[in-house]
Amino acid sequence: MMWLWIIATAVAYFIKGLCGFANTLVFTSILGFGSNNVNISPVELVLGYPTNFILTWKNRKYLRARVYLPLIALVLAGSVAGALMLKNIDARLIKIIFGMAVIFIGIEMLFHEIHTNSKRNTSGQGTVSENTVGLRVFLIVVGILSGVLCGLFGVGALLAAYVSRVTDSNDSFKANISAVFIAENTFRIVVYSVLGIINVSCLKQALVLIPFMLVGLFCGMKSSQLLDEHIVKRIVIGLLILSGIVLVIKNVV
């Protein structure tokens, strides 16, 4: 069903260009009903790798080392465990875990988006970073869990929950989260290659899908300049929560 892979690629990378993340969640959610994650994740990794360079370069003036460097270290620490789990855990169990992760991430992001908009409406200001003990603890937990999820599925949405708190614009968000993804993707490409998860068949499939990835990405980047990002983000979050619920039910029943 190559047509389904094409649709998943175009939609996922439109979302990537629009929001800076969630491409893996969308890609895996669409394809997860007919393919195993061990076949989906390496293709998405190869497709997504160049998109992070594109977004980081485009928004490079918003890069902040204090945001992306600590996250890179923590994410890499959890990626090995996640990659090994992907190689050895039953695919059905992985899909259930993935679906639950999507639901949790989506609900958390929805509440944060509502809360952030409420603060903007009352104060007229964007999100402000606070260097508190609670925020540092949150960074550590999010970083490690994100590393495991990245190793399993390439899912970096947990990172969004943190980065959205310490950046004050969509461009800044895209720049810093994409920088983390570059480091994580590089590491995971090496690990997946050693484990045999990335192979010739995976590379051939990714090569066929690259044109659809580029079209989706640049359409999403263009749309982000025209659409209200908060409305779009809420629609994406709602779709992610729904896809997670359906994926869990499908693999539990």
Side-chain angles (χ1 to χ4, degrees), residues 1-17 21-57 72 75-99 101-102 146-157 178-220 243 247 251:
M1 296 201 304
M2 191 62 187
W3 62 269
L4 187 60
W5 285 80
I6 292 173
I7 292 173
T9 300
V11 173
Y13 287 98
F14 176 83
I15 297 300
K16 174 75 169 180
F21 73 105
N23 52 295
T24 304
L25 286 172
V26 173
F27 191 83
T28 310
S29 295
I30 293 173
L31 294 174
F33 298 102
S35 303
N36 291 333
N37 279 88
V38 73
N39 298 320
I40 299 170
S41 290
V43 174
E44 201 283 328
L45 174 60
V46 174
L47 285 174
Y49 192 48
T51 68
N52 292 309
F53 284 96
I54 292 170
L55 289 174
T56 301
W57 177 256
I72 286 174
V75 165
L76 293 183
S79 289
V80 174
L84 292 174
M85 289 169 67
L86 177 64
K87 183 72 173 180
N88 298 292
I89 289 181
D90 178 69
R92 183 169 172 267
L93 177 60
I94 288 180
K95 289 181 181 180
I96 293 172
I97 296 172
F98 174 72
V102 171
S146 294
V148 175
L149 285 176
C150 283
L152 276 170
F153 319 111
V155 174
S178 296
V180 178
F181 287 152
I182 288 173
E184 185 278 331
N185 284 180
T186 302
F187 181 79
R188 193 152 51 95
I189 284 174
V190 174
V191 174
Y192 276 24
S193 298
V194 171
L195 294 175
I197 297 174
I198 290 180
N199 50 42
V200 175
S201 176
C202 155
L203 294 175
K204 287 181 178 179
Q205 188 159 12
L207 185 63
V208 172
L209 295 171
I210 284 176
F212 304 99
M213 174 271 285
L214 291 173
V215 170
L217 180 71
F218 286 107
C219 286
S243 68
L247 201 56
N251 287 278

Could you list the donor-acceptor pairs under 3.5 angstrom formed between side-chain atoms of residues 193-213 and any protein atom two or more places apart in sequence or on another chain?
{"from": "Ser193", "atom 1": "OG", "to": "Ile189", "atom 2": "O", "distance (Å)": "2.7"}
{"from": "Asn199", "atom 1": "OD1", "to": "Ser201", "atom 2": "N", "distance (Å)": "3.2"}
{"from": "Asn199", "atom 1": "OD1", "to": "Cys202", "atom 2": "N", "distance (Å)": "2.9"}

Say you draw a straight line from CZ of Phe21 to OG of Ser178; how long is it, rounded to the nearest 0.5 Å?
11.0 Å
I would like to know whether Val215 and Cys219 meet side-chain contact (heavy atoms from CB on, under 4.5 Å); could you show each step before the answer?
CA-CA 6 Å; Val215 170; Cys219 286; 4.1 Å; yes
By side chain to side chain contact (heavy atoms under 4.5 Å, CB included), Trp57 pairs with (sequence neighbours left out) Arg60
Can you tell me how far apart CD1 (Ile15) and CZ (Phe27) are? Round to the nearest 0.5 Å.
14.0 Å
To the nearest 0.5 Å, what is the distance between CD1 (Ile54) and CG (Leu217)?
5.0 Å
Measure the OG1-CD1 distance between Thr186 and Ile72 for me, rounded to the nearest 0.5 Å.
9.5 Å
CA sep, side-chain torsions, deciding dist, call: Trp5, Val43, side-chain contact (heavy atoms from CB on, under 4.5 Å)
CA-CA 10 Å; Trp5 285 80; Val43 174; 3.8 Å; yes
So, taking the atom named CZ in Phe14 and the one named CG in Asn23, what distance separates them when rounded to the nearest 0.5 Å?
13.0 Å
Looking at Glu184 and Leu76, what are the two nearest heavy atoms and their distance?
CA-CD2, 3.9 Å
In Å, rounded to the nearest 0.5 Å, how long is the span from CZ of Phe218 to OG1 of Thr51?
10.0 Å
Is there a side-chain contact (heavy atoms from CB on, under 4.5 Å) between Leu55 and Lys16? Walk through the geometry before answering.
CA-CA 9 Å; Leu55 289 174; Lys16 174 75 169 180; 3.7 Å; yes
